[in-house]
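Below: one structure, written as C-alpha cells.
We're numbering straight along the sequence, starting at 1.
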Amino acid sequence: MQHWWNQWLGPSSPECFQYRGTMDVFSKVTRQEGIFRLWRGTGANLALAVPMVGIYMPCYDLLRNRIEEYSDRNCPKLRPYAPLISGSIARSLACIACSPIELARTRMLAFKASNVGGKPPGMWTTLIGVLSSRQNIRSPENVRGYHLLWTGLGAQLARDAPYSAICWTVLEPIRRHVIQLFGDQSNAAVILGANFSAGFIAGVISAGATCPLDVAKTRRQIERDPERVLSMNTRRILLEVWRKEGLEGLFRGAGPRMARAGPSVGIVVSSYEVMKHIMHRKHAVQTYD
C-alpha cells in the first residue's frame with residue numbers, strides 16, 4: 001500500500017512538510033507517512049473527548065441555571081449574559097483538567113516520522129517525553145517538573161474561553177427559537193434537530209473567530225525547546241506570526257477547523273440534550289407511577 005502511494009505521489013522531500021491547503025495536507029501526509037496516518041491521534045482524541053465533555057457540559061448546565069436563577073431574582077439584565085459567563089467558566093475548568101491529554105494529542109498530530117512508515121509515539125510515551133525534557137533546562141525553572149504537562153495551558157484557555165463564550169452566546173438563542181416554533185409538540189427528533197443546527201452554526205462562527213488563538217496554542221504546544229516553551233506566551237506568538245506570515249498565518253487552517261467544529265459541536269450538544277430529554281421523561285414516568 002505504502003509503495004503504491006509513493007509511486008503515485010512521488011518521492012518524499014523537505015517540501016512535503018510545507019502545506020498549502022487541506023487537499024495538500026491529505027496528499028503529502030499520505031505520501032510521506034501512509035494513508036492511515038490521517039487518523040493519527042485518534043486514541044488521544046477519544047481519551048480527551050470523554051472527560052472533556054463529561055466535565056464541560058454538566059458544568060455549563062449547572063452554571064447557566066444558577067446564573068439565570070440569580071439574575072431573575074436580583075439582576076434581570078444579567079440573564080442574556082448567562083451563556084457567555086457559564087460557557088467560559090465551564091470550558092476553563094474542563095481545559096485545566098484535561099490539558100495534559102490535549103498536549104499529548106497536539107504533539108502526536110504534529111509528529112513527523114523521520115522515515116517513511118515510521119511509527120509515531122503513543123499518548124503515554126509523548127507525555128513521558130515532555131517530562132524528561134525538563135532535565136535539559138539549565139535553570140532553577142527545571143524544578144517545575146510536572147508543570148510541563150500543562151504546557152500551553154495559558155494559550156489553550158485564551159483560545160477556549162472566548163470560543164466557548166461565542167459558541168453558547170450564538171447557540172442558545174437559535175435553539176430556543178427553533179424549539180419554541182414547535183411548542184408543546186417538541187420531542188426527541190425536534191430537540192435533536194434544533195440542537196444540531198444551532199450547534200453547527202455556533203461551532204463554525206466561534207471556530208473562525210478564534211482561529212488566531214488556536215494557531216498560538218498549537219505552536220506553543222508543539223515547541224520542542226524547553227527553555228523557549230517557558231518564555232513563550234500567546235501575545236508574543238501572535239506578534240511573531242503576524243510579522244512573519246501576516247494575516248494569512250493567523251488564520252492558517254481556519255477552513256478545516258471550521259469544517260470540523262460545526263458538526264462536532266452539533267453532534268455533542270444534540271446528543272447531550274437528547275439524552276437529557278430521554279432521562280427526564282423516564283424520571284417523570286417513574287415519578288407519576
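- Under the 4.5 Å side-chain contact rule for hydrophobic residues, Tyr70 and Leu63 share a cluster.
- In this structure, Ser206 and Thr210 approach most closely via the heavy-atom pair O-OG1, 2.8 Å.
- Connection of Ile191 to Ile278 is established within a shared hydrophobic cluster, with ILVMFWY side chains joined at heavy-atom distances below 4.5 Å, either directly or through further cluster members.
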TODO: Given side chain to side chain contact (heavy atoms under 4.5 Å, CB included), test Val265 with Tyr163 step by step and report yes or no.
DONE: CA-CA 11 Å; Val265 175; Tyr163 171 87; 3.2 Å; yes
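- Taken from CZ in Arg73 to CD in Glu68, the straight-line distance is 12.0 Å, to the nearest 0.5 Å.
- At a threshold of 4.5 Å between side-chain heavy atoms, the hydrophobic network of Ile, Leu, Val, Met, Phe, Trp and Tyr places Leu93 and Met52 in two separate groups.
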Open item on the list: Applying side chain to side chain donor-acceptor pair (under 3.5 Å) to Ser164 and Tyr60, what does each step give before you reach the verdict?
Closed with: CA-CA 10 Å; Ser164 185; Tyr60 171 78; over 6 Å; no
TODO: Show your reasoning for whether side chain to side chain contact (heavy atoms under 4.5 Å, CB included) applies to Leu171 and Ile201.
DONE: CA-CA 7 Å; Leu171 188 151; Ile201 296 170; over 6 Å; no
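- Partner of Tyr272 under the side-chain contact (heavy atoms from CB on, under 4.5 Å) criterion, chosen from Asp61, Ile267, Asn195: Asp61.
- Between Gly253 and Cys211, the shortest heavy-atom distance links the atoms C-SG, 4.4 Å.
- Using a 4.0 Å cut-off between charged side-chain N and carboxylate O, Glu273 and Lys276 make a salt bridge.
- Shown here is Arg235, whose CZ atom has no more than 12 heavy atoms of other residues, nucleotides or ligands within 6.0 Å.
- Of the inter-residue distances, the one linking Thr169 atom OG1 with Ile85 atom CD1 reads 9.5 Å to the nearest 0.5 angstrom.
- Contact of the Glu240 side chain with the Arg219 side chain is not registered, since no non-hydrogen atoms from C-beta on lie closer than 4.5 Å.
- Leu192 is not connected to Val178 by any chain of hydrophobic side-chain contacts under 4.5 Å among Ile, Leu, Val, Met, Phe, Trp and Tyr, and they are in different clusters.
- The salt bridge (Lys or Arg N to Asp or Glu O under 4.0 Å) analysis of residues 208-218, with sequence neighbours excluded, yields the pairs Glu102-Lys217, Arg159-Asp214, Asp214-Arg257.
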Open item on the list: Pair Phe196, Val274 - check side chain to side chain contact (heavy atoms under 4.5 Å, CB included), show working.
Closed with: CA-CA 10 Å; Phe196 181 82; Val274 167; over 6 Å; no
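- For the atom pair CD of Glu248 and CH2 of Trp242, the computed distance is 11.5 Å after rounding to the nearest 0.5 Å.
- Taken together through direct or relayed side-chain contacts under 4.5 Å among Ile, Leu, Val, Met, Phe, Trp and Tyr, Leu213 and Leu247 form part of one hydrophobic cluster.
- When all heavy atoms of Cys167 and Gly203 are compared, the closest pair comes out as SG-N, 4.4 Å.
- One distance of note links OG of Ser86 with CZ of Arg91; it measures 13.5 Å at 0.5 Å rounding.
- Listed here is the closest heavy atom pair of Ala209 and Ile166: CB-CD1, 3.9 Å.
- Here the shortest heavy-atom pairing between Ser197 and Ala194 reads OG-O, 3.1 Å.
- The minimum heavy-atom distance linking Leu238 with Ala216 is given by the pair CD2-CB, 3.9 Å.
- Taking SG of Cys98 as the reference point, atom CG of Leu153 lies at 11.0 Å (rounded to 0.5 Å).
- To the nearest 0.5 Å, atom NE2 of residue His280 and atom NE2 of residue His277 are 10.0 Å apart.
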TODO: Test Leu78 against Ile67 for side chain to side chain contact (heavy atoms under 4.5 Å, CB included), laying out the working first.
DONE: CA-CA 8 Å; Leu78 180 63; Ile67 293 173; 4.1 Å; yes
